[in-house]
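Right, one structure below, let's go through it.
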Amino acid sequence: MKSVIKKRKRFIVNILGHSEALQVVIVSDNIEGMYRELYRLYGQILIDSQGKNTGTISYQETELT
């Protein structure tokens, strides 16, 4: 029986918002998962009190081996 190993990616993310700058590392299967985790953990920096996106995100993606 052959096992399938799912390849994951490392995203080094720079977040700017509300006069804060953060650099975080998120490991995810794909970019959608990275954004989902990013907003779950750091949404308060990226979204203002009216629910508008006010922050900026840049990232660098690498394959994990």
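Numbering of residues begins at 1 and proceeds along the displayed sequence. Scope of the values below: all heavy atoms of this structure, side chains included, with no hydrogens, waters or symmetry mates. Bear in mind the structure is a predicted one, so any value in this text is a computation, not a measurement.
- To the nearest 0.5 Å, atom CD of residue Glu20 and atom CD of residue Gln44 are 7.5 Å apart.
- In terms of hydrophobic clustering, with Ile, Leu, Val, Met, Phe, Trp and Tyr side chains grouped at heavy-atom distances under 4.5 Å, Leu22 and Leu38 are assigned to a common cluster.
- A pairwise comparison of heavy atoms in Ile45 and Thr54 identifies O-OG1, 4.3 Å as the closest pair.
- Summarising the geometry, atom CZ belonging to Arg8 is positioned 11.5 Å from atom CD belonging to Glu63; distances are rounded to the nearest 0.5 Å.
- Paired with Tyr59 under the rule side chain to side chain contact (heavy atoms under 4.5 Å, CB included), one option of Val24, Asn14, Ile31, Ile26 passes, and it is Ile31.
- Put simply, CG on Asp29 and CE on Met34 are 13.0 Å apart, with the number rounded to the nearest 0.5 Å.
- In this structure, CG on Leu46 lies 4.5 Å from CD1 on Ile57, to the nearest 0.5 angstrom.
- Under the 4.5 Å side-chain heavy-atom criterion for ILVMFWY residues, a single connected hydrophobic cluster contains both Ile47 and Tyr35.
- Summarising the geometry of Asn30 relative to Ser28, their closest heavy-atom pair is O-OG, 3.1 Å, with the distance given to 0.1 Å.
- No option in Glu61, Glu32, Glu37 other than Glu61 meets the salt bridge (charged side-chain N to carboxylate O under 4.0 Å, His left out) test with Lys9.
- A single hydrophobic cluster is not seen to contain both Val13 and Val27; linkage of ILVMFWY side chains at heavy-atom distances under 4.5 Å, directly or through other members, places them apart.
- Considering all non-hydrogen atoms of both residues, Leu16 and Ala21 come closest at CD2-CB, 3.4 Å.
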